[in-house]
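Here's the structure, in structure tokens; my notes come after.
Numbers here are sequence positions counted from 1.
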Amino acid sequence: MSPKELVITGATGFIGTRLIEHALARGDAVTALVRDPERLAVRKHTRLRIEQWSIGEPLPSVRQADALLHLAAFIPADLSDAHQAAKCFELNTSGALLVAMDAASQDVQQFVHFGSGQVYTPAAEPASETSPAFPVNRASYYLASKLSAEICLLAFGKAKGMPVTVLRPASVYGPGMHGKGMVTAFIRALACGQPVIICDGGAYRVDLVYVDDVASLALEAVAAESEGVFNAGSGQACTSLEAARIIAEVIGADPSLIRVEGQDGDAAAGFAALNVARAAEQLAYTPRAFRQGIEAWKAETGLADFQSASGKTNTASRT
């Protein structure tokens, strides 16, 4: 596999940071576009160039790069605030399209857009790339802006003859993850011997995918010059209760710390699992199960980034 020239936006984010590490390890050259270069975890490497940039600004010179991987996005602090909708569409939809237009003008060969696997209508069966998408249950303004970006980018790619790949990641976890969310809350509390209280009878479910699997899929999509939409999940949903029990077993916490409150909730509560058959068939995608991901995370870092923090006694069952 020959080395690639890659451009990565949102390079200081959780997934972006890991993606850079994987790309450099494979021998690729990376131009990282970031708002604050001081926040970039990987700062010095012979094949890494760092450019200060924000969505809405013209791209620096990235002429004839093999691919631009677009992760930069605006995520409102309050996902339910309708006042944030305009900014979501300005930066996540129009902004993404402007990046693609600028990239095409510089003869970038492929555009890879990171969408969201949470755009699908909640359902009992795993969602394929052609399943109904109607994100009205949570983070609707943000998710709608990401979904509309996909439509615009795929249309632009067809018109310009530039391959556009859309990845729809599920709920991503792993080394470098920010301190919010279900997985980190469970790890933090259980590692400190604090109880985890799970609401709704533990029925909330979500597809949890390890960050390295998402990064590897993105780079494989570039190597294969694939077009179209690909789900990037684990292929199965995990309930909040199952996730807590797995984490407790892997880190050796007392399982009696896990307490369930409330009646069993709606079986469709949360988000659908993602059907990853297309990625598996076309890109040899083999994601880890949640237990394997937690074990890999523990093997790499010992989960030390959470074990020193004080746990909370009341943990919600939401990612």
Side-chain angles (χ1 to χ4, degrees), residues 13-16 18-19 22 71 112 114-131 133 135 138-139 143 146 165-178 180-187 198 202-221 226 228-251 267-301 303 317-319:
F14 166 41
I15 301 174
R18 203 69 170 178
L19 182 58
H22 277 252
L71 293 95
V112 180
F114 282 70
S116 173
Q118 297 182 343
V119 297
Y120 295 107
T121 302
E125 296 299 318
S128 72
E129 290 81 357
T130 57
S131 293
R138 181 176 180 271
L143 291 173
K146 297 292 284 184
T165 308
V166 173
L167 300 183
R168 290 178 176 169
S171 292
V172 188
Y173 68 95
M177 186 178 185
H178 302 304
K180 297 180 180 180
M182 180 179 76
V183 172
T184 53
F186 287 173
I187 293 173
I198 300 177
Y204 175 81
R205 65 193 186 112
V206 66
D207 190 328
L208 297 163
V209 62
Y210 195 60
V211 63
D212 287 357
D213 295 334
V214 177
S216 295
L217 179 61
L219 295 176
E220 190 59 38
S226 297
V229 180
F230 293 88
N231 283 338
S234 70
Q236 55 189 324
C238 184
T239 68
S240 54
L241 181 56
E242 290 168 342
R245 286 173 172 169
I246 288 171
I247 290 169
E249 290 174 9
V250 172
I251 69 177
F271 299 98
L274 300 186
N275 182 325
V276 296
R278 185 168 190 257
E281 293 168 2
Q282 298 188 25
L283 300 172
Y285 180 55
T286 54
R288 279 162 265 222
F290 183 61
R291 181 184 297 275
Q292 295 173 315
I294 293 296
E295 289 172 343
W297 190 357
K298 181 183 177 184
E300 179 176 336
T301 70
L303 302 173
S317 60
R318 297 291 186 264
T319 53

Closest non-hydrogen atoms of D207 and G235, given as atom of the first, atom of the second and distance, are OD2-N, 3.3 Å
Quick one: does Y173's side chain get under 4.5 Å of I187's, heavy atoms only?
no
Would you please test I294 and F186 for side chain to side chain contact (heavy atoms under 4.5 Å, CB included) and show each step?
CA-CA 12 Å; I294 293 296; F186 287 173; over 6 Å; no
Nearest-0.5 Å distance, CG of residue L208 to SG of residue C238:
5.5 Å
Given the rule in the side chain to side chain contact (heavy atoms under 4.5 Å, CB included) test, do F114 and V172 qualify, once you have shown the distances and angles that lead to the verdict?
CA-CA 12 Å; F114 282 70; V172 188; over 6 Å; no
When you measure from the side chain of E129 to the backbone N and O of N231, does any donor-acceptor pair fall under 3.5 Å?
yes
From I246 atom CD1 to Q292 atom CD, the distance as rounded to the nearest 0.5 Å:
10.0 Å
side-chain hydrogen bond (donor to acceptor under 3.5 Å, both in side chains), that's the test. Do S226 and E220 meet it? Break it down for me.
CA-CA 9 Å; S226 297; E220 190 59 38; over 6 Å; no
Taking all non-hydrogen atoms of both residues into account, name the closest pair between A170 and G233 and its distance.
CB-CA, 3.9 Å
Measure the shortest side-chain to side-chain distance between P135 and Q118 over non-hydrogen atoms and say whether it is less than 4.5 angstrom.
no
Mutual orientation of the aromatic rings belonging to F271 and Y204 [parallel < 30°, tilted 30-60°, perpendicular > 60°]:
perpendicular
Distance in Å, L19 CG paired with D212 CG, rounded so as to fall on 0.5 Å steps
10.5 Å
Closest heavy-atom pair, A273 versus Q236, reported as atoms and distance to 0.1 Å, is CB-C, 3.6 Å
Can you name the residues that form a salt bridge (charged side-chain N to carboxylate O under 4.0 Å, His left out) with E249, not counting sequence neighbours?
R291
Nearest-0.5 Å distance, CG of residue L303 to CE of residue M177
11.5 Å
Determine the minimum heavy-atom distance between I198 and S240, stating which atoms define it.
CG2-OG, 3.3 Å
Work out which heavy atom in P175 is nearest to a heavy atom in Y210; give both atom names and the distance.
CD-OH, 3.3 Å
Identify the heavy atoms of L274 and P126 that sit nearest to each other, and give their distance.
C-CB, 4.2 Å
Keeping to residues at least two apart or across chains, list the side-chain hydrogen bond (donor to acceptor under 3.5 Å, both in side chains) pairs with something in residues 269-288.
D213-R288
Could you check E242 against F290 for side chain to side chain contact (heavy atoms under 4.5 Å, CB included), going step by step and ending with a plain yes or no?
CA-CA 10 Å; E242 290 168 342; F290 183 61; over 6 Å; no
Test side chain to side chain contact (heavy atoms under 4.5 Å, CB included) applied to T184 and H178, step by step:
CA-CA 8 Å; T184 53; H178 302 304; over 6 Å; no
What pairs with Y120 under ring pair (Phe, Tyr, Trp, His ring centres under 6.0 Å), at least two apart in sequence or on another chain?
none
